[in-house]
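See structure below.
This structure is a prediction, so every number in the text was calculated from the model and none was measured.
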Amino acid sequence: MRIAPYTWPQWLWFKLTNLKTLNLGGNRLGSDQQGSAAIDGSAYYLFRSNTLTSNSVTDLDLSNNDFTTLDGNILSGIGSQISALNLGGNNITSIDYNNGSVFSNASKSDGGSVNLAGSENLNVSGNTAYVIASALNSGGASLTLDDKTANDLATNQLASQSAWPGVSSAGFQSIAPQLSGSTVTTIVSQNATAVTSNVLQTLATTNADALSANTLTSLADKNANAITADALSSIAANNATAIDDKVVSSVLANKPTAITSDSLSAIAQNSAGALTSNLVSSILEKQPDAITSDSLSAIASGSADALSPAVVSQVVNSNPTAITADSLSAIAKGNGAALNADVLATVAKTSPDAITSTSLAAVAANNADALDATTLATIAKTHPDAIDATVIATVATQNPATLTPDLVTKLADAGALDATALKTIAVNNPAALTGLSDDDKEKVIAAAGGSDKVGDVVNNPTTVPNSEAAKPATDTPVVAPQSDTQGSVAVSGGNIGFGQVNLGGTDDVITSPTAIEVAGTIPKSWSLAVSATAWQTADGQHQFQPTLTFGTVQDKANNKALDAIQLTSDGRTKVLVGNATAAQTFDVQMGSIQMTHFDGAVAGQAYTGTINWQLSNTQSATQQ
């Protein structure tokens, strides 16, 4: 039965003027528009001209309605009050220009949003690009796009400097977390000025994997103003491999102010290999304020190879305030070879506060040659308190020939000897006391307090029990500053011993059966690496760089076998875990260590070397 139009109740034609939320999701309205479900061909017209005409609706849900296009009429009746528009799940391919104002109004509203999730086949050009770009430029963060759409838009509109319409910096920021590495590379290559400092910071903190070393180098060359110290710090923490020496060099050349103590520390801690001695030297020349005690300590712990005697001397001469007791200790522990007697003597003159018993003990433990007799005598005159029994014990253990009767006399004259120090000398090198003249013995006894017990030590040094000597300083992990992330590395298994061996040919292999276990925690975005120093004699005159192979490697945390780890003369560092995607614990055990390739080894010499297990700014070491 057909009902005449005039019989419909009159109230059905009244408008709901106070309606705020209209949910029409999941009604296949897009199919009606195409006529497949239209009763008389006017269904879509009635839907648009009546249902979607409102000056009150603020939240409109048209999700999952099989729309493939948004024509110029569908939203023409919705007023400017709209603040939330949900078009998710429609797989829309094109949007008419006339919808731009509705998208923009919703995007820029306080708490507003436009949802286009599911429309990954959008043809982001022409009118569609205009609508989306306008919405991004209006509110940006409130527009939800599929990753493919975001990347297509960025490639079409941002990579081309002349594309219409343009996408603002705020709009770029809003889609930056969704961009792929290839998209970012294309933008930097074709329109680097589109990458502002705000955009780069967003990438650095939310999508650092989209940045590569080549991309950053190109950006530094083409639009250096985009690079800030904060961005460099964030990139180093979130994608360490994106910063290499070319990046640092280009930033230093084009935007040196981005190299600060904090950013330099972050790079040193996380991006191993990004700093070289030449670069650190250049930083000292162009951005000297970046070299502080903190950044030096960070370099020493994470990029110690960048420190050489020449670089440390340059720091001492041009920026002496950066040399403190902490940074001097860190340098000694990270790369003792960077400190020699000349450098240390200069430190004593230009940075006197850096000379303490702790820093001297660290120097002695890692490069005893730096504390030769002349340097010790000089330091004794200006810093007698810094030469305590522990320092003397460390020097005596590492380089006993340094302790001579003449040096003992000079130490006594400077007031650097007490009873404990004398007992330590007596145990480690009694000849330094027995070789004193009678007059010098009296001077030494008097300088050390003059007691009968002191006299017994000086006159009968060979009778002093070993237990009464101070112990030499032991190396402790280097902990660099400026990091809020916690990680740990612990090495168990003791010293690695290879014993006394006879080497007869180039194919010789010697094995240490010592089992080494390394365990700890890797924070997100950090890396775990193992490295080895050269094997050298106690006097430092002879050294060689063998190949070390860690065999029978077992991942105890996951109960599985791992590939052998090998450190060669060409690759003394191996990254075991690079840029961890999430915080993780590790527990790895190695059943044996083999040593091969003994080029440079001299017969009759005793050699020692160090193996370092380094996690960003936490380092533990086992020593042969």
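- Tested against Ile392 for a side-chain contact (heavy atoms from CB on, under 4.5 Å), the candidates Thr420, Ile387, Val408 yield a single pass: Ile387.
- Rounding to the nearest 0.5 angstrom, the gap separating the CD1 atom in Ile267 from the CD1 atom in Ile243 is 4.5 Å.
- Taking both residues in full, the closest heavy atoms of Asn270 and Ala240 are given as O-CB, 3.2 Å, listed atom of the first, atom of the second, then distance.
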- Could you please spell out the steps behind the side chain to side chain donor-acceptor pair (under 3.5 Å) verdict for Ser351 and Asp353? CA-CA 6 Å; Ser351 305; Asp353 291 341; over 6 Å; no

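- By the 4.5 Å heavy-atom criterion applied to side chains, Thr402 and Leu371 are not counted as neighbours.
- Here the options are Val311, Ile299, Leu339, the test is side-chain contact (heavy atoms from CB on, under 4.5 Å), and the partner is Ile331; only Leu339 passes.
- Of the possible donor and acceptor atoms, none in the side chain of Asp388 sits under 3.5 Å from a partner among the backbone N and O of Ser357.
- Side-chain contact check for Leu376 versus Ile379: every heavy-atom pair is 4.5 Å or farther apart.
- Listed here is the closest heavy atom pair of Thr382 and Pro384: C-CD, 3.5 Å.
- In this structure, CG on Leu411 lies 6.5 Å from CD1 on Ile425, to the nearest 0.5 angstrom.
- Pairing each heavy atom of Pro405 with each of Ala431, the nearest pair is CG-O, 3.9 Å.
- Leu328 has its side chain within reach of Ile355: a pair of non-hydrogen atoms, C-beta onward, lies under 4.5 Å apart.
- Note that OG1 of Thr257 and CG of Leu252 are 10.5 Å apart. Values are rounded to the nearest 0.5 Å.
- Within the model, atoms OG1 of Thr549 and CD of Gln566 stand 4.0 Å from one another, a figure rounded to the nearest 0.5 Å.
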- Item | Full working for side chain to side chain contact (heavy atoms under 4.5 Å, CB included) between Leu422 and Leu433 | CA-CA 9 Å; Leu422 282 173; Leu433 299 180; 4.1 Å; yes

- Full working for side chain to side chain contact (heavy atoms under 4.5 Å, CB included) between Leu279 and Ser249: CA-CA 7 Å; Leu279 272 177; Ser249 179; 3.8 Å; yes

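- Looking only at distances, no side-chain donor or acceptor of Ser250 sits under 3.5 Å from a matching main-chain atom of Lys246.
- Ser261 has its side chain out of reach of Leu264: every pair of non-hydrogen atoms, C-beta onward, lies at least 4.5 Å apart.
- A 4.5 Å side-chain heavy-atom check between Asp294 and Asp326 finds every atom pair outside the cut-off.
- Between Ser281 and Glu285, some side-chain heavy-atom pair lies under the 4.5 Å cut-off.
- The distance from atom CG of Leu232 to atom OG of Ser263, rounded to the nearest 0.5 Å, is 5.5 Å.
- Judged by distance alone, with hydrogens and angles left aside, the side-chain atoms of Asn366 form a donor-acceptor pair with the main-chain N or O of Ala362 at under 3.5 Å.
- With hydrogens and angles ignored, the 3.5 Å screen pairs no side-chain donor or acceptor of Ser271 with any backbone N or O of Ala274.
- Defined by atom type and a distance below 3.5 Å, a donor-acceptor pair is missing between the side-chain atoms of Asn340 and Asp369.
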Tabulate below the donor-acceptor pairs under 3.5 Å that side-chain atoms of residues 447-467 make, not counting sequence neighbours, or state none.
residue, atom, partner, partner atom, Å
Ser451, OG, Val454, N, 3.2
Asn459, ND2, Gly455, O, 2.9
Thr463, OG1, Asn460, O, 2.7

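- Looking at every heavy atom in both residues, Ala345 comes nearest to Thr375 through N-CG2, 4.4 Å.
- To the nearest 0.5 Å, the span separating OG on Ser437 from NZ on Lys443 amounts to 7.5 Å.
- Side-chain atoms of Asn317 come within 3.5 Å of backbone N or O of Ser313 as a donor-acceptor pair.
- Under the side-chain hydrogen bond (donor to acceptor under 3.5 Å, both in side chains) criterion, Thr356 pairs with Ser359, sequence neighbours left out.
- Residues Thr324 and Ser327 are in side-chain contact: their nearest non-hydrogen atoms beyond the backbone lie under 4.5 Å apart.
- Summarising the geometry of Asn367 relative to Gly336, their closest heavy-atom pair is ND2-O, 3.0 Å, with the distance given to 0.1 Å.
- When all heavy atoms are compared, the tightest approach of Ala470 to Thr390 is CB-N, 4.2 Å.
- Residues Asp406 and Lys410 are paired through a salt bridge, judged by an N-O separation under 4.0 Å between the basic side chain and the carboxylate.
- Formation of a donor-acceptor pair under 3.5 Å by the Lys255 side chain with backbone atoms of Ile227 is found in this model.
- A donor-acceptor pair is defined here as one N or O able to donate and one able to accept, closer than 3.5 Å; such a pair exists between the side chain of Asn429 and the backbone of Pro400.
- In this structure, Asp289 and Asn319 have side chains that are not in contact, with every pair of non-hydrogen atoms separated by 4.5 Å or more.
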- Item | Pair Thr409-Asp413, side chain to side chain contact (heavy atoms under 4.5 Å, CB included): steps then yes or no | CA-CA 6 Å; Thr409 302; Asp413 290 342; 4.0 Å; yes

